[in-house]
There are 2 protein chains.
Amino acid sequence: MDGEFEAYLSADGVDFGAADASLLRAIAERGSVNAAAAALGRSRARALARLDALEAAFGPLVERRRGGSGGGGSSLTGDAEALLARFERLRAALSGTAGAEETVLYGTVATATGELGYVDTAAGTVRALLVAPEPESPPVARGSRVQVSVRADAVTLHAPDDAPPAGGTSARNRFPGTVAGVDRGEAIVRVAVDVGGDGPLVALVTADSADGLAIEPGRSVVASFKATATRATAVEE
Amino acid sequence: MDGEFEAYLSADGVDFGAADASLLRAIAERGSVNAAAAALGRSRARALARLDALEAAFGPLVERRRGGSGGGGSSLTGDAEALLARFERLRAALSGTAGAEETVLYGTVATATGELGYVDTAAGTVRALLVAPEPESPPVARGSRVQVSVRADAVTLHAPDDAPPAGGTSARNRFPGTVAGVDRGEAIVRVAVDVGGDGPLVALVTADSADGLAIEPGRSVVASFKATATRATAVEE
DNA sequence: CATCGTTGTATCCATGCCGATACAACGCCG
DNA sequence: CGGCGTTGTATCGGCATGGATACAACGATG
């Protein structure tokens, strides 16, 4: 997955986004809506109105005081801190530097049992969560054409003789393959594994793990990932 | 993580969201912008203008023909299909029914090495990716107060005598604990594990895995999750 | 050639959001 | 009591977005 994202937390038709987070942070930092708005190049009236709208949807976020020492001021509530923390987690989950890279495999749903199904792909059969296109939509059905996404950070690499057992009751997807490429960061390593599909299966592992497995191009490995960490969504034919 | 989300794919200042996806899908289904707009209760002029804007940012999405058999019509390009697939993956990654639930642990960064660090939490030391607050911000520093989020779908459960080895070169975070609660779906199971922190560590596993481990309240288990699947983001004191 | 139903383009009006601005109220402080 | 700097509220004008509408162009079809 490449490109950029914007994400919002939603409640009662109000979307909390990056501009709102900036406003709350500026209030915390400067202690007043007036100074925060000025620092962000926004009008105070609009900032106050936006806070009213956000509070109607997300609960009390800013305690505001007029008069008194310093002329008045504002501070964040605990609810605001929690909301900011939630927003940060959402951003972190999506941010490109935090392992949002995915391997995408195309295939057809072979069996569907409740929320889980098996998908036949070029790389082999994958067990995955079947995600409905819309919250109220019918679930993905057997025979549907789907894309299966596997996050790089959900993939574990094993030496061939140290891998989880194939088949049986193990719920892990398991693919033997050959290391095709290695990109090293300071403490994390991106490993591309050729598992016989159209493109490589990508794993994001720590440098210790990579070293412990002596990861290098040409090395045989087994890649595994949880069924519940794997999503299948419908695509057009 | 609870509540609702809205997510957008961004390029060149244009955000592709649910309404845009609905428009493209309606075009594919009805074969014309006119019919699609009418079906969605939108004006044709605005729909066409929106397509122009989207195409300026994301590339050619709709092939439009005027005159001819049927009076003309429109169809999606391959780029549009790929964009829709990407948007579906984004939605699936965030959707509540697909395992986006997280355990959040608060703690302090003890060591930081490149992108990875160790965080001291009430449940014990966690190895995690340190996510900068903003793309251009300095990384999270040692001593920082952080929230550590662990997705339920990233947590693997093991019987105590079958768990990965503690310490050494293993890159997996590892927490022995006791099953505190079990919620069963048709094919997946949400398991809350008491690991000694403020709240339970939540795991989303398949029903076979849960059965294989004889998961029930009171059962001793070991929960493990990858360092690269674990994110630490800064929070206020 | 006229008709049909599409796309292409332009215009109008309504609504919502936004910054700038102004007046009012508040409570501390000198 | 006046001054200060904040919050509270209201108004104005500008801009963006959106639906409704209208005219023009296109190419197959009868």
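Chain naming here is simple, since letters A, B, ... match the order of the sequence lines and numbering starts at 1 in each.
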Given dA10(C), dT7(D), dT6(C), which nucleotide is nearest the side-chain atoms of A45(B)?
dA10(C)
So G67(B), base contact, sugar-phosphate only, or nothing? Heavy-atom distance under 4.0 Å.
base
Taking all non-hydrogen atoms of both residues, which atom of V202(B) and which atom of V155(B) are closest, and how far apart?
O-CG2, 3.6 Å
Judged by nearest nucleotide, the residue sitting upstream toward the 5' end of DNA chain C, G71(A) or A47(A), is A47(A)
Of the listed dG18(D), dC23(D), dG8(D), the closest approach to the R46(B) side chain comes from dG18(D)
Assign G72(A) to base, sugar-phosphate, or nothing according to its heavy-atom contacts below 4.0 angstrom with the strands shown.
sugar-phosphate
Regarding the side chain of S69(B), the nearest nucleotide among dA20(C), dA28(D), dT7(D) is dA28(D)
Taking the side chain of R44(B) as heavy atoms from C-beta outward, which of dC23(D), dT6(C), dA20(D) is closest to it?
dC23(D)
DNA chain C: 5'-proximal contact among L40(A) and G70(A) (nearest heavy atom):
L40(A)
Considering only dT6(C), dG19(C), dT9(C), which nucleotide approaches the side chain of S43(A) most closely?
dG19(C)
Using whole Å, report how far CD1 of I27(A) lies from P of dG5(D).
20 Å
Aromatic ring proximity, centroids under 6.0 angstrom, Y8(B) and Y8(A):
yes
For atom CZ of R50(A) and atom P of dG8(D), their distance in whole Å
17 Å
R66(A) CZ to dC26(C) P: how many Å, rounded?
6 Å
Hey, is the side chain of R42(A) pairing donor to acceptor with the base of dG19(C) inside 3.5 Å?
no
Contact class for A49(B) vs. all strands (heavy atom < 4.0 Å): base, sugar-phosphate, or nothing?
nothing
For S74(B) and dT6(C), is the shortest distance between a side-chain N/O and OP1 or OP2 below 4.0 Å?
no
Check whether the side chains of D15(B) and S10(B) place a donor and an acceptor atom closer than 3.5 Å, and report yes or no.
yes
Would you mind classifying the nucleic acid contact of A35(A) as base, sugar-phosphate or nothing, using non-hydrogen atoms under 4.0 angstrom?
nothing
Under-3.5 Å donor-acceptor pair between R65(A) side chain and dG5(D) base:
no
Value for OG1 (T228(B)) from CD (E115(B)), rounded to nearest 0.5 Å, stands at 11.0 Å
If you assign each of L48(A) and G68(A) to its closest nucleotide in DNA chain D, which residue comes earlier from the 5' end?
G68(A)
Are E63(A) and T77(A) close enough that a side-chain donor and a side-chain acceptor fall under 3.5 Å?
no
